Enquirer: 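I am attaching a structure below and will ask some questions about it afterwards.
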Protein chains: 2
Amino acid sequence: MENLNSHNMALGRRKQERNWRRQYILNVAERLFAQKGYYQTTMAEIAKASEFGMATIYRFFKSKDKIYLTLLHEKIDLLLRLVKQAIEEAQTPLEKIKAIIQVKLKFFQENRDFFRIYALHRQNIAVLVREELGKKIDRKYQEGLSILAQVIEEGIFQGEFKKFPPKEMAVLISGMIQALIHEWIKSEEEVQLTSKLPVILDFIFYGLKGEKLQREGR
Amino acid sequence: MENLNSHNMALGRRKQERNWRRQYILNVAERLFAQKGYYQTTMAEIAKASEFGMATIYRFFKSKDKIYLTLLHEKIDLLLRLVKQAIEEAQTPLEKIKAIIQVKLKFFQENRDFFRIYALHRQNIAVLVREELGKKIDRKYQEGLSILAQVIEEGIFQGEFKKFPPKEMAVLISGMIQALIHEWIKSEEEVQLTSKLPVILDFIFYGLKGEKLQREGR
DNA sequence: TCCAAATTTGAATGACTATTCTAAAATAGA
DNA sequence: TCTATTTTAGAATAGTCATTCAAATTTGGA
């Protein structure tokens with residue numbers, strides 16, 4: 001959660017307080033949506049839990065949809081930025097893939113509530129995608145997939161990977177990661193999600209049968 | 001859809017007609033739930049689309065939940081039986097994995113509507129798992145995962161696969177398959193889903209970098 | 001053909017909830 | 001301190017929808 005104490009003199013106190021409250025509502029809504037799902041969460045609950053009146057919530061967000069889509073959009077956007085940044089810092093395709101996966105694991109390890117919403121959204125697409133914001137979210141999601149596909153294509157081009165269809169490989173790898181996170185959250189394991197990275201990479205690069213991936217220093 | 005013409009003299013006409021109508025309602029509901037999602041689908045719509053009155057639907061199913069859970073349960077059960085059967089016919093762990101994946105691809109290729117419901121259900125779990133039927137569904141789902149994990153464990157024991165944690169590998173592989181099917185349905189590709197089997201197997205057994213899987217005759 | 005039992009219907013019920021409205025409270029400048 | 005403006009609260013509104021009900025229809029045997 002953003003810190004109320006992070007003063008930004010350029011914005012003015014009122015604007016800053018307003019931003020902070022807006023963010024507070026989003027955080028409360030995220031928790032509720034994750035716990036009970038979109039339809040089971042009522043505006044009255046969001047109001048109660050954030051200690052605002054109903055109408056106040058509506059002064060921040062035009063509708064329930066908007067709250068949901070906004071929080072989804074803002075965090076998907078953040079994740080995408082983190083992924084892009086991680087790629088820039090890596091050199092080889094293999095390192096880039098490692099970086100992407102590491103970022104995702106770390107991100108969802110720290111944003112469990114958000115994962116439930118993120119993972120579930122693809123179903124709701126039919127209902128919410130007509131909204132402009134819904135389309136934006138879908139585009140971001142596709143962009144994330146494309147980035148991975150490009151890295152794989154690069155690896156194939158460099159002769160580092162076999163000639164697989166890159167887009168399909170991106171889908172498979174994303175699906176693996178998603179399923180792993182899902183299982184991790186559901187089982188409430190103590191172990192860190194990121195600790196699974198070496199096994200995943202070994203599997204992705206060499207498969208069930210292939211040689212063992214030589215571990216580089218962490 | 002089951003055939004009204006498949007006479008079963010042991011059951012009697014009334015029983016058979018009733019079964020057929022029950023199945024008809026389930027099929028209609030499946031289509032609607034897949035198209036619009038659980039909450040967006042109303043009982044009135046199900047009644048209209050199946051050409052029954054509201055109250056008639058309620059003579060077949062106690063509630064909307066029950067329709068949803070029943071159709072989910074019956075098809076998951078069918079899929080599980082198909083998977084078990086496929087495994088019995090295969091010899092090596094590698095062949096068993098191939099068989100499992102092939103069965104799943106074929107099944108969802110022929111049951112697209114059902115896939116949307118199946119894939120989405122994991123989120124709804126929170127809401128519907130308190131029902132007895134909901135728990136049963138979850139158990140079936142876990143059983144499917146366990147079967148795959150056992151095959152992998154067998155392969156590791158036989159020295160066929162590397163020493164990976166079997167349960168985690170099962171999760172990764174299931175996630176891959178699920179994502180692939182999801183993408184295939186969304187993109188409405190013409191190509192058969194099962195045509196992707198060789199690539200998937202190559203990836204699972206040898207990874208992005210490893211040697212190419214020697215293709216056996218189909 | 002006729003009747004009792006079973007089945008079907010869709011309108012009525014009751015509960016729920018997103019959104020709006022009105023009045024009260026807080027705020028900030030003078 | 002006073003007052004115009006902004007913000008808040010929560011009750012009222014309006015609509016939706018799962019479920020039930022009372023009446024009508026169909027069924028199958030006599």
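Small disclaimer: the values here were computed from a predicted structure and weren't measured. The chains referred to below are lettered A, B, ... by the order of the sequence lines, with proteins before strands, and numbering in each begins at 1.
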Enquirer: How many Å lie between CZ on A/R22 and P on D/dT7, as a whole number?
Expert: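 In whole Å, D/dT7 P and A/R22 CZ are 16 Å from each other.
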Enquirer: Rounding to a whole Å, what distance do you find between A/K64:NZ and C/dT20:P?
Expert: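 My rounded result for the distance is 15 Å.
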Enquirer: With no hydrogens and no angle check, do the side chains of A/Y38 and A/D65 hold a donor and an acceptor under 3.5 Å apart?
Expert: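 Result is yes, a qualifying pair exists.
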Enquirer: Regarding B/Y68 and B/E30, do their side chains bring together a donor and an acceptor under 3.5 Å, going by distance alone?
Expert: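 There is no such pair between these side chains.
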Enquirer: Starting at atom CZ of B/F60, determine the distance to atom C1' of C/dT9, rounded to an integer number of angstrom.
Expert: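 My rounded result for the distance is 14 Å.
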Enquirer: Round to the nearest Å and state the distance from B/M43 atom CE to C/dT9 atom P.
Expert: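 B/M43 atom CE is separated from C/dT9 atom P by 14 Å.
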Enquirer: D/dC17 P sits how many Å from B/L32 CG, rounded?
Expert: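 Value for this atom pair: 13 Å.
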Enquirer: Any salt bridge between B/E132 and B/R139, counting N to O under 4.0 Å?
Expert: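 Counted as a salt bridge, because a side-chain N and a carboxylate O are separated by less than 4.0 Å.
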Enquirer: Would you mind reading off the distance between A/R59 atom CZ and C/dT19 atom P, rounded to a whole angstrom?
Expert: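 For the pair A/R59 CZ and C/dT19 P, the rounded distance is 16 Å.
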Enquirer: Using a 4.0 Å cut-off on heavy atoms, which residues in residues 49-58 of chain A reach DNA chain C? List them by number, or say none.
Expert: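 Within residues 49-58 of chain A, the residues near DNA chain C are A/M54, A/A55, A/Y58.
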Enquirer: Classify the ring geometry between A/F205 and A/F161 as parallel (under 30°), tilted (30 to 60°) or perpendicular (over 60°).
Expert: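 Judged by the thresholds at 30° and 60°, the geometry between A/F205 and A/F161 is parallel.
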Enquirer: Assess the pair A/F115 and A/F107: is the distance between their ring centroids shorter than 6.0 Å?
Expert: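 No, the ring centres sit 6.0 Å or more apart.
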Enquirer: Quickly work out the B/Q40 CD to D/dT16 C1' distance and round it to whole Å.
Expert: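 For the pair B/Q40 CD and D/dT16 C1', the rounded distance is 12 Å.
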Enquirer: Just to confirm, is there a sub-4.0 Å distance from OP1 or OP2 of D/dT8 to any side-chain nitrogen or oxygen of A/R21?
Expert: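 For D/dT8, OP1 or OP2 has a side-chain N or O of A/R21 closer than 4.0 Å.
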Enquirer: Over 60° means perpendicular and under 30° means parallel, so tell me whether A/F52 and A/F60 are parallel, tilted or perpendicular.
Expert: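 Ring orientation, 0 to 90° scale: tilted.
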Enquirer: For the pair made of CG in A/D65 and C1' in C/dT17, what is the distance, rounded to whole Å?
Expert: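 Nearest whole value for this atom pair: 14 Å.
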